[in-house]
Amino acid sequence: MIARRGTGDRLLRMALPKGALYAESVALLARAGLDVGALADPGRQLTVRAGDIEYIIGKPTDIPVYVAYGGVDVAIAGKDVLIESDLDVVEMADLHFGGCRFVVAERADAPRSVAEIYRHLGVIRVATKYPRITEAHYASRGLQVELVKLSGNIELAPLIGLADQVVDITATGRTLAENRLRIVDEVLASTARFVANPVSLKTDSDRVTGLAAALAAAAAPAEEG
Amino acid sequence: MQPVTPRGFRDVLFDEAREREIVAAAITDAFGAWGYEPVETPVVEEYETLRAATGGDLDRTAFRLFDLDGSLLALRPEMTVPIARVVASRLTDTPGPHRIRYVADVFREHASLRGQARQFTQVGVELVGTRGPAADVEVVLLLIAALEVAGLSSYLVGIGTAEVLRALVERAGGPAEWRDAAIAAAQSRNLVELDRLAGREDLTPALSTALREVPRIRGGREALDRCDALASACDCEGVVCELRQVWTTLEELGATANVQLDFGIMRSFGYYTGMQLEAYAPGLGLPLAGGGRYDGPLAAFDRPAPAAGFALGLERLMIALAEQERTPRLEPLDAVIGGTESAGVFRAAARLRDAGWRVRVAPGRTGMALVRDADGARAIEALVADGASVSRLDRTGGVATPLGDPVPEPPRLTWAARGGDER
């Protein structure tokens with residue numbers, strides 16, 4: 001599948017993720033000296049034109065799809081979403097915000113330990129929103145899993161007996177703790193990235209690399225969060 | 001039942017099929033003019049054959065099947081390995097170099113709901129048995145020729161090499177894990193990870209800088225000079241020497257207008273061993289073509305020989321042409337010919353075809369029914385045969401003017417000049 005966008009002079013198109021990364025993305029664009037226009041308060045608009053960029057506001061998990069298939073030239077996306085999508089995009093710069101960790105968590109008050117369950121049943125039941133990352137993690141640990149993909153509130157799965165462990169992202173660990181889950185393993189750390197479509201990088205090289213440089217410069221490295 | 005095509009496969013009908021035929025023929029004619037000979041290979045190969053020559057990625061992409069003997073086969077995912085197999089097994093007594101062209105359907109497995117086709121058509125060339133800048137130039141010129149005759153109004157060819165990065169990584173030495181990670185990061189276009197790896201503490205500043213900068217270099221001769229300077233500062237002199245000769249020749253030929261040097265092109269590392277090339281259409285998010293110099297497959301078949309080539313994706317090319325409003329114009333049917341007497345209709349149609357007409361027969365049809373047939377077939381004329389004479393019908397189905405003898409030239413030849421209005 002390829003996005004068909006017509007020819008001729010066109011605006012550079014950039015996708016921004018709605019939700020947790022949105023406000024910081026807009027703040028970074030402003031710090032980098034870009035006209036952010038109506039981006040700060042887009043209301044229900046899904047597209048915003050500001051300066052010579054057309055911004056697309058999309059669901060975070062869809063953004064790698066927009067980029068890889070060329071619907072947009074560049075985007076800001078979480079590393080977590082990029083890994084999970086497994087699509088071909090160019091990762092241009094680490095933007096050092098939106099820090100979070102992928103962790104394995106299980107019930108703090110479980111009657112039987114996961115190790116014991118594994119010894120007798122030979123498989124760990126795992127719930128996650130991120131099947132690809134999860135599968136790769138357990139494979140690297142040499143553990144057999146039954147993986148169930150859920151769409152949200154992953155921390156419920158152990159409480160209702162659906163899963164022994166969950167793989168989820170956390171910034172502070174508080175939601176997990178509030179649901180009596182404790183972190184037992186680290187999977188990977190994630191921050192927001194500036195990514196580009198591989199062809200846009202070649203055919204619109206100056207604008208794409210210029211933007212990458214401006215955003216990288218404006219993105220001050222922060223502490224791991 | 002309601003029959004369907006399997007996911008990722010599709011039927012190609014009429015107008016689209018003719019347009020694809022025209023574009024593929026224009027390109028293969030251009031390759032033919034360079035003395036490239038066509039080759040056809042089986043749709044299936046032994047899985048082992050493909051794996052020995054490509055390794056790695058095949059597991060994820062090969063469309064595999066077992067035959068009744070239990071052999072593991074795979075539908076060809078591309079044509080380079082099948083052609084390497086042909087060269088290594090069938091052409092051992094024929095002196096090279098071999099200049100081979102193909103139009104072939106290839107197959108790749110994809111997970112569902114990613115909007116990806118599992119069968120597509122590649123048009124390409126392989127130049128086997130010769131190395132050096134002249135051979136690389138030939139391949140680049142063939143790619144340009146293909147894009148030109150296909151009718152694109154705007155395109156870009158990128159040429160680069162993975163040898164610079166490979167040399168820098170070797171020069172850096174250190175743990176194998178670090179080197180593998182650096183190559184993997186470059187190949188997956190993860191510049192953030194490559195930057196991180198370039199920060200290895202024991203690297204010289206020159207190496208760190210070169211590792212960070214080289215994958216970001218693109219442009220004309222100045223790009224080559226920059227890359228050369230960075231590599232030379234790391235004692236990797238001469239690593240862009242061949243590419244420089246390629247570029248110089250292209251410049252001498254005035255062929256660099258749509259070509260850019262790009263050290264960020266990192267196609268499969270295990271495969272390509274020198275120049276790599278890609279083609280793009282602005283506004284289309286995936287390359288139209290890819291290829292380069294590869295020596296591995298033939299070495300894997302115990303017939304080491306230098307080889308280079310590329311494949312154009314016909315589907316992507318057709319999309320690019322449509323976007324640029326350069327889809328080939330299809331000539332209409334000249335006529336539908338009817339009449340009460342079958343033999344007379346066939347005889348008259350044969351006479352028209354001899355005169356160059358494209359004619360569909362409609363024995364037994366006359367009058368308004370025949371006019372409707374001609375409209376349905378988007379034919380320029382509705383004709384009726386009566387004995388030895390052939391006449392045109394008017395819009396109401398009445399016999400209008402005789403066609404005349406000898407048969408006039410096909411109306412489609414003047415149709416385009418008249419602005420293309422049908423009938």
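All of these numbers come straight from a predicted model, not from anything done at the bench. So that the names make sense, note that chain A is the first sequence line, chain B the second, and so on, each numbered from 1.
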Hey, are Arg64(B) and Glu109(B) close enough for a salt bridge, meaning a charged N less than 4.0 Å from a carboxylate O?
-> no
Side chain, backbone, both or neither of Ala281(B) within contact of chain A (heavy atoms, under 4.5 Å) = backbone
Of the backbone (N, CA, C, O) and the side chain (C-beta and beyond), which part of Val89(A) lies under 4.5 Å from a heavy atom of chain B, both, or neither?
-> backbone
Identify which part of Asp86(A) has an atom lying under 4.5 Å from any heavy atom of chain B, answering side chain, backbone, both or neither.
-> both
Do Ser205(A) and Arg218(B) have side-chain N/O donor and acceptor atoms under 3.5 Å apart?
-> yes
By side-chain hydrogen bond (donor to acceptor under 3.5 Å, both in side chains) - contacts of Ser153(B) (at least two apart) = Gln324(B)
Using a strict 4.0 Å threshold on nitrogen-to-oxygen distance, state whether Arg10(B) and Glu16(B) make a salt bridge.
-> yes
Counting heavy-atom pairs under 4.5 angstrom with chain A, the leader among Ile265(B), Leu156(B), Ile319(B), Leu286(B) is Leu286(B)
Part of Glu315(B) lying under 4.5 Å from any heavy atom of chain A = neither
Look at Glu325(B), Gln260(B), Arg196(B) and state which one has the largest set of heavy-atom pairs under 4.5 Å with chain A.
-> Gln260(B)
Check whether Leu201(A) gets within reach of chain B through its side chain, its backbone, both or neither, counting any heavy atom under 4.5 Å.
-> both
Selection from Asp195(B), Asp262(B), Leu194(B) maximising heavy-atom pairs under 4.5 Å formed with chain A | Asp262(B)
Can you say whether the rings of Phe63(B) and Phe9(B) are parallel (under 30°), tilted (30 to 60°) or perpendicular (over 60°)?
-> perpendicular
Ignoring hydrogens and geometry, is there a side-chain-to-backbone donor-acceptor pair from Glu91(A) to Glu193(B) under 3.5 Å?
-> no
Would you mind telling me which of Ser154(B), Gly264(B), Gly285(B), Gly219(B) has the largest number of heavy-atom pairs within less than 4.5 Å of chain A?
-> Gly285(B)
